[in-house]
Protein chains: 2
Amino acid sequence: MTRTTQTKRTTIYDLAELAGTSASAVSAVLNGNWKKRRISARLAEKITRLAEEQGYALNMQASVLRRDRSKIIGMIVPKYDNRYFGSIVEQFEALARERGLFPIITCTMRDPALELDAARAMLSYQVDCLIATGATDPDRVMELCAAAGVRTVNLDLPGARAPSVISDNHGGALELTRRVLANCEKEYGEKTPLLFVGGRGTDHNTLERVRGFRDAHAEAGVTVDETLVLTCGYAPEKAESAMRQLAERTGDLPRGMFVNSTISLEGVMRWIRRSGHYADRVPQLGCFDWDPFVAMLGDHIEMVRQDVPRMLEAVFAIIESGATGPTVVQIPPIVEKTG
Amino acid sequence: MTRTTQTKRTTIYDLAELAGTSASAVSAVLNGNWKKRRISARLAEKITRLAEEQGYALNMQASVLRRDRSKIIGMIVPKYDNRYFGSIVEQFEALARERGLFPIITCTMRDPALELDAARAMLSYQVDCLIATGATDPDRVMELCAAAGVRTVNLDLPGARAPSVISDNHGGALELTRRVLANCEKEYGEKTPLLFVGGRGTDHNTLERVRGFRDAHAEAGVTVDETLVLTCGYAPEKAESAMRQLAERTGDLPRGMFVNSTISLEGVMRWIRRSGHYADRVPQLGCFDWDPFVAMLGDHIEMVRQDVPRMLEAVFAIIESGATGPTVVQIPPIVEKTG
DNA sequence: AATTCTTGCTTCATCGATTGAGCACGCATG
DNA sequence: CATGCGTGCTCAATCGATGAAGCAAGAATT
């Protein structure tokens, strides 16, 4: 009864002894299928009470080892430094818990090697399913998992060999570019090509967003200036130095910009402020991603907010459907009014 | 050799059979202490090669079940929606991995019940140690863990029964308030009391920050206006409605404000923009917490950035020292120049 | 030649929970 | 009275990895 600095944890064997019964009865009672195992309500109650009293906690390691499914669901995510990934992770945890799954998450710092290490670690922990969010090489991750018989779903960036849930990048970029072009015309009375900055020239999202960017220009009868498409990576420093180099090359900077993520916007804004190039004339901005403080930066910024709740609902729908083919579900993002 | 859609994962028994040896030899080789167990280099190499070929992955559930320490380290964190907690989590993962520990993280959405559930789940997974970040009831968490013989360290908010690592809230708030008072005097030529908004009136950090706020006022010879201390909670909506109510009560709004977290600032800024109360005269702001976009909001905002790297180094130092008493380590935050 | 040592393994119990198989008892039915 | 059946449990194998203890064969020592 008096349990002071106990090191040994209470197990079902301890409870069995205390209750004068067998471990298997205790197990049956505590994992809820005691009716199926024809344990009397009286004994069930007694065991439940004892478990409570003793502060019994199931040893998941032992439980998972024995069961066929672990009910652990993994997610790898590039970073936690922006609202988009932050809300993905929060939503993921919430939906996983709703379904009785235990979520484990690892951030990969956008490092391809860490991405694979993280996937391997999750496999070691017997995840039933792995969500690869914004992975640099989703197919390699999928391959690793497939070899262990574990399903994967890609999120944010699609893969070629597993189901993917992504934003409608083309549609979002099209609408965002339209708005920035319109703002430029309203503000400056001229139709000039915009700058595109941020993202990797190789990733699917960036390609699709550039396509939307081009289509909006075409629609407006504006020719895209190819020297203004700077897919320099997402990091703030990279966006900042891309801007600096651009300014060195040209005297006439664009009136408006499409910035591919808040992370890149961080670098772009820093440059705008430090360089003083736009001191007299604020550039019209569009940002693919949402952040509350960016929304307060002024009325010259349009934002696209990816629909994280719907994206994660789609992810879990795929998991529950058992689908495994390389389908791509596109979720329309929300274009927000700023100011 | 040909392993197509295998469902069964390779185990040390499979490898043992393939290598014509025993499972225990395989185990010894793969977990690195084959020299101690006097396995020949020849056999070790053979087993290693086979493991590679077969894509063997250790079953951590089985391994942890057998071992005394799990090498799993848990963290509970309130939310992922701001840079402070985001960087805490990133840093935690990095430092844990450096030390060969497997980090698992759960966000509690600031819900006290979820906080305890999360802690219980982590105990079930046999964490060796649990970091309670910004917990509403760190002592209750500690109690749960202690009953299972698991150490805890509090981060961000201190507890009374386990070691804690927190920011120097009083010092940071003192300096921040000084700066905002100075900015007000410079800008408006008057010494008037500031507004304090955000945070819970019961949590240690908020209390300490209010104390720093008061001390800075005293230093400057300004009397604190008690009706201007609004510890209404952290959520943006709460801060926003606190501002609204304040404006309804008084005609003369304060020239400067101390905002207790970026999360609260979100609501404050929203109110400032929507209400139009400060349309003519921008208020001088101070924010306890840092965000890159807030830094760009203008030159009227001072920020305190908590020193996350040092805080987490301190957490791991405590873990490694084995200390278990209720010591409080205070890490000085960094007061950032804005603009 | 008899002994001890060293090397290189194998055997087996163990961690805690789960679950198919089976046992004992009481009651009903033929 | 024999048989069948429902109830309420227990037994024992199992999941995969680990490591103490032990064993066999050859080398070294006396």
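So you know, we letter chains A, B, ... as the sequences are listed, proteins then strands, and number each from 1.
- Inspection of the A:Thr136 and A:Glu115 side chains reveals an N or O donor paired with an N or O acceptor under 3.5 Å.
- Annotation for B:Glu98: atom CD counts as buried by contact number, over 12 foreign heavy atoms lying within 6.0 Å.
- Dashed line: the shortest gap from a side-chain N or O of B:Asn59 to OP1 or OP2 of D:dC15 is not under 4.0 Å.
- Rounded to whole Å, the distance from CH2 on A:Trp34 to P on D:dT7 is 14 Å.
- Proximity of B:Asn31 to the phosphate of D:dA17: no side-chain N or O atom is located under 4.0 Å from OP1 or OP2.
- Atoms CD (B:Gln61) and C1' (C:dA17) sit 12 Å apart, rounded to a whole Å.
- Closest to the side chain of B:Leu43, from the set C:dG16, D:dT7, C:dC9, is C:dC9.
- The distance from atom CG of A:Leu65 to atom C1' of C:dG16 is 9 Å, rounded to the nearest whole Å.
- Atom pair B:Asp14:CG and D:dC15:C1' shows a separation of 13 Å (rounding to whole Å applied).
- Counting only N and O atoms by type, the side chains of B:Thr10 and B:Gln54 include no donor and acceptor under 3.5 Å apart.
- Note: CD1 (B:Ile39) to P (D:dA20) measures 14 Å, nearest angstrom.
- A donor N or O paired with an acceptor N or O is not found under 3.5 Å between the base of D:dT7 and the side-chain atoms of A:Ser40.
- In this structure, B:Ala41 and A:Asp68 both approach DNA chain C, and ranking their closest nucleotides by distance from the 5' end singles out B:Ala41.
- Listed candidates were C:dA17, D:dT18, C:dT10. Nearest to the side chain of B:Ser63 is D:dT18.
- Residue A:Arg66 places a side-chain atom within donor-acceptor reach of the base of D:dT14, judged by atom type and a 3.5 Å distance cut-off alone.
- Protein atom CG of A:Leu30 is 8 Å distant from nucleotide atom P of C:dT18, rounded to whole Å.
- Remark: the A:Ser24 side chain and the D:dC11 base include a donor-acceptor N/O pair separated by less than 3.5 Å.
- More than 12 heavy atoms of other residues, nucleotides or ligands lie within 6.0 Å of CD in A:Glu320, so this atom counts as buried by the packing criterion.
- Evaluation of atom-type donor-acceptor distances gives no pair under 3.5 Å for the side chain of B:Arg37 against the base of C:dT7.
- B:Met122 pairs in a side-chain contact (heavy atoms from CB on, under 4.5 Å) with only one of the listed residues (B:Val150, B:Asp117, B:Ile104, B:Ile105), which is B:Ile104.
- What separates CZ of B:Arg9 from P of D:dT14 is a distance of 21 Å, to the nearest Å.
- B:Lys35 has its NZ atom 17 Å from the C1' atom of C:dC9, to the nearest Å.
- The side chain of B:Tyr56 lies closest to D:dA17, out of D:dT10, D:dA17, C:dT18.
- Sequence order on DNA chain D of the closest nucleotides to A:Arg38 and A:Thr21 puts A:Arg38 first from the 5' end.
- Counting any heavy atom pair closer than 4.0 Å across all strands shown, B:Thr11 reaches sugar-phosphate atoms only and no base atom.
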